[in-house]
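Below is one structure, written out as structure tokens; comments come after it.
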Number of protein chains: 2
Amino acid sequence: MIAGQLSESTEMYLKAMAELGEGEVVSISRLAERLSVTSVSANEMVRRLSEQGLVSHLPYKGVNLTSKGRDVACNVVRRQRLWECFLYNHLKLEWAQLYELACSLEHATAPEVTDALAVFLGNPKTCPHGNPIPDADGCLPELNSNPLSTVPVGDTVRVVSVRATSTEVLRHLQKLSLLPGREVTLLEAAPMDGPLMLKVGDREAALGLLMAEFVFVEPIS
Amino acid sequence: MIAGQLSESTEMYLKAMAELGEGEVVSISRLAERLSVTSVSANEMVRRLSEQGLVSHLPYKGVNLTSKGRDVACNVVRRQRLWECFLYNHLKLEWAQLYELACSLEHATAPEVTDALAVFLGNPKTCPHGNPIPDADGCLPELNSNPLSTVPVGDTVRVVSVRATSTEVLRHLQKLSLLPGREVTLLEAAPMDGPLMLKVGDREAALGLLMAEFVFVEPIS
DNA sequence: TAAAATGTTATGGTTGACCTTATTATTCCT
DNA sequence: AGGAATAATAAGGTCAACCATAACATTTTA
Ligand SMILES: [Mn+2]
Ligand SMILES: [Mn+2]
Ligand SMILES: [Mn+2]
Ligand SMILES: [Mn+2]
């Protein structure tokens, strides 16, 4: 952790909130699940965060980043995604591992390093998963993409970004070639929340609904 | 901190021991001072470290890295110095800040990242301060250099490396051009532990004895 | 050899971030 | 409206890493 800064835990809570809901309120239980802590712990932490003015908590409704909290979160996301670019483009590390590897580095990165890294990388606009990189001040631009799980059967769409975080899930998506830029046709949605049958390139693939939530797509222009 | 690894604190204690004495015992008070903790805290921590088999403590004599502890320490030093190379050569960050900036990153660096970074940098042999970078397995090679404070008056020597860690001290050494590769002549050693008068390039410089401990030099071949 | 300096241990405390179990409050749904 | 599900609090605990103050042990040095 960089001197005089927020703790790693604090940064992770704020980042999780930014990743879970863009601006919307997030329930503490979703937060707890995402961070692998009990909901009691998440409640305690949210209290601390709101005492610091980083989040606002409406009991029984959910938590919300304050503008101060959103600034911090965007900054963490920026650091992470810049590191992902470096790890992928220059160190040639495994695509599926990038999130995890960068998730440690992000908390140990001083502002000087962040800025110099952005310059070194040529101020990239997105990370290797297709997610936008917030710029030095403001926050991330909104993309008009939707999860693959919401696409009607028969449509052909293009993968914009992948928002999974677990190396295991990312490895699986990679195996199915569900990578940014790919065209995908939704052939069938099996009943009872069964898997989506997809055509990716010239192969067919079956994708569980939960994983389909992570794959963001846009209509082909 | 990387999953399932030692804490940042543990790594810093081990690194401090490696930096303070190469193989020799180090007194707990020196350790405490270097890490800016009280000697009571350092004693407690040393107990924990020796329970983990990372150091051995001979009461009233000092602490010693075990071979397990030395392995860890070398690895931390390797990570740090590799990051220093990256921050200096690629991100063009300020020389005097490198130690501090890399000191955060070192604890957040997974083995995959360390290895790939070394390859990316072309397996450098030394950091920008002239200190050797341990290789992936073994430890650092011994250099035959001595602190500037031990050089006889009249000698001309070459700076091999600078072992200071504080940005402030490093900035000062940089201002005096006491950088690796530079030739230095010791003109005079003032009495009562007064400063050393040096000729560095075509300028004269006064250097306190304490800072002279950080500047390692070798005879000119 | 005795006093000074240095090193160690004992006690008791703090803080952040976790945990479990149990209870209470609110919201959602039938 | 009432029960189920969900959310929040309360109470008590753990663990790593720090702190201060005080007592005790050893080594150094005069
Ligand atoms: Mn992280
Ligand atoms: Mn990414
Ligand atoms: Mn460090
Ligand atoms: Mn260095």
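Per chain, numbering begins at 1; letters A, B, ... match sequence-line order.
Mapped onto DNA chain C by nearest heavy atom, B:Arg30 and B:Glu44 fall at different nucleotides, with B:Arg30 at the one closer to the 5' end. Comparing B:Lys61 and B:Ala42 against DNA chain D, the residue whose closest nucleotide sits nearer the 5' end is B:Ala42. Comparing B:Pro59 and B:Thr10 by the nucleotide of DNA chain D whose heavy atom lies nearest to each, the residue mapping closer to the 5' end is B:Thr10.
Side chain of A:Tyr60, nearest nucleotide from D:dT27, C:dA25, C:dT21: C:dA25. Residue A:Val37 places its side chain closer to C:dC18 than to any other of C:dC18, D:dC19, D:dA7. The side chain of B:Val40 approaches C:dT9 more closely than any other nucleotide in the set C:dA17, C:dT9, D:dA7. Among the nucleotides C:dC19, C:dA17, C:dT8, the one closest to any side-chain atom of A:Ser9 is C:dA17. In this structure, the nucleotide among C:dA17, D:dC18, C:dT8 sitting nearest to the side chain of B:Ser41 is D:dC18.
Whole-Å rounding puts the B:His57 NE2 to D:dT26 P distance at 13 Å. As a whole-Å value, the separation of B:Met45 CE from D:dC19 C1' is 15 Å. The interatomic distance linking A:Leu6 (CG) with C:dG16 (C1') rounds to 13 Å, in whole Å. Taking atom CG of residue A:Leu54 and atom P of nucleotide C:dG16, one finds them 14 Å apart after rounding to whole Å. Summarising the geometry, the separation between CZ on B:Arg47 and C1' on C:dT11 is reported as 13 Å, rounded to the nearest angstrom. Nucleotide C:dA25 holds its C1' atom 13 Å from the CG atom of A:Asn43, rounded to whole Å. Between the CD1 atom of A:Ile28 and the C1' atom of C:dA25 there is a distance of 14 Å, rounded to whole Å.
Here B:Thr38 lies in heavy-atom contact (under 4.0 Å) with sugar-phosphate atoms only. Residue contacts shown for A:Ser39 are absent, as no nucleic acid heavy atom lies under 4.0 Å away.
Here the rule is salt bridge (Lys or Arg N to Asp or Glu O under 4.0 Å) with B:Glu19, and of B:Arg34, B:Arg30, B:Arg163 only B:Arg34 fits it. With respect to B:Arg79, the side-chain hydrogen bond (donor to acceptor under 3.5 Å, both in side chains) criterion is satisfied by exactly one of B:His107, B:Glu106, B:Glu11: B:Glu11.
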Task: Check against side-chain contact (heavy atoms from CB on, under 4.5 Å), B:Val113 and B:Trp83 - done: CA-CA 10 Å; B:Val113 175; B:Trp83 278 124; 4.1 Å; yes
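Here A:Tyr13 reaches the OP1 or OP2 of C:dC18: one of its side-chain N or O atoms lies under 4.0 Å away. For A:Arg48 and C:dG16, the shortest distance from a side-chain N or O to OP1 or OP2 is not below 4.0 Å. A sub-4.0 Å separation between OP1 or OP2 of D:dA7 and a side-chain N or O of A:Ser29 is present.
The minimum heavy-atom distance linking B:Ala116 with A:Leu93 is given by the pair CB-CD2, 4.0 Å. When all heavy atoms are compared, the tightest approach of B:Cys85 to B:Thr126 is SG-O, 3.5 Å.
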